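Counting starts at 1 for both ligands and their atoms, following the listed order. The structure presented is a predicted model; accordingly, all values stated were derived computationally and were not measured.
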Amino acid sequence: MKVLAEIGKTSSVITSLKSSDKRIGFVPTMGALHEGHLSLIRASRASNDVTVVSIFVNPTQFDKKEDFLKYPKSLDKDLELLKQAGCDLVFTPASKNLYPEDAVSATFDFGGIEKEMEGKFRDNHFNGVATIVKKLFEIVQPNNAYFGEKDFQQLQIIKNLTIQLGLPTEVHGCPIYREKDGLAMSSRNVRLTPLQRDAAPFVYKILKEVKIRFENHTVSETKDWVAQQFQTQPLLDLEYFEITDEDTLQSASSKNTNQKQRAFIAVFAGAIRLIDNMPL
Ligand code: PAF
């Protein structure tokens, strides 16, 4: 497994792989890898000749400086996991090389999907994500790229980005990976205190119950019910619960049997933000 930090060297390795017709699968990450990331690597290895993983904690997608500074880092462990998982190339760029000027994001228009949910609560988040994904795709030139459905809105934004920019990369969403008790895997979970960690699977429990209740309750009844359930949870603060159409991500006012709908949730456990979602 090669580990490269320099953009120039990485580009020339990629160019030579492409010139020998190798199909490149790409898994962009911010490190602190877990089983969810490894499932993306397995998906990439199954359909590509070479799997590239990037590790870069992107400053422009954080709306809170503290969250950026406290983002977990475990490079040595990550490299060990990547080696075992059969990754071929790890790209670990430095911020000053990806953002040679100031670390600022470009501005994108995703037709409104960037303004819903995460877009409402995390200022400029998707401009930051799109800025870094565009830069990484330009360097890695992947045939296929793999993202977890836990960040379902991010996945839709990146699909839209590749269409908008006419990029040749096919973007694939992979199922959410969960702990045994249902908590969606996330690099941030290691920051939960033991008590918060015990409380956190409640988020998944609620989503599972929503899926059943939604069969015979309206959107607004379901939303009220979720809000009430979180009042019983002193360690979890509900930020939002939404039911939306999967494509537009616009808040649904009623059940739509012609359109796939999905429930989305964001919750704070202290300063740690947990998100999750489920198809209905
Ligand atoms: O999902 C993530 O880890 C990040 O948002 C990504 C896609 C690597 C961009 O920094």
Side chains of [X] and [Y] in contact at under 4.5 Å (non-hydrogen atoms):
X	Y	answer
Leu82	Ile55	yes
Leu98	Asn58	no
Leu192	Leu183	yes

>> Students often mix this up, so state it plainly: with edges at 30° and 60°, are the rings of Phe62 and Tyr71 parallel, tilted or perpendicular?
In response: perpendicular

>> Using a 4.0 Å cut-off on heavy atoms, what residues surround ligand 1? Order them by chain and number.
In response: Pro28, Thr29, Met30, Asn58, Gln61, Ile132, Phe147, Gln154

>> Applying side-chain contact (heavy atoms from CB on, under 4.5 Å), can you list everything that pairs with Val190, at least two apart in sequence or on another chain?
In response: Pro72

> Are any of the side-chain nitrogens in Glu118 or Arg273 under 4.0 Å away from the carboxylate oxygens of its partner?
Replying inline: yes

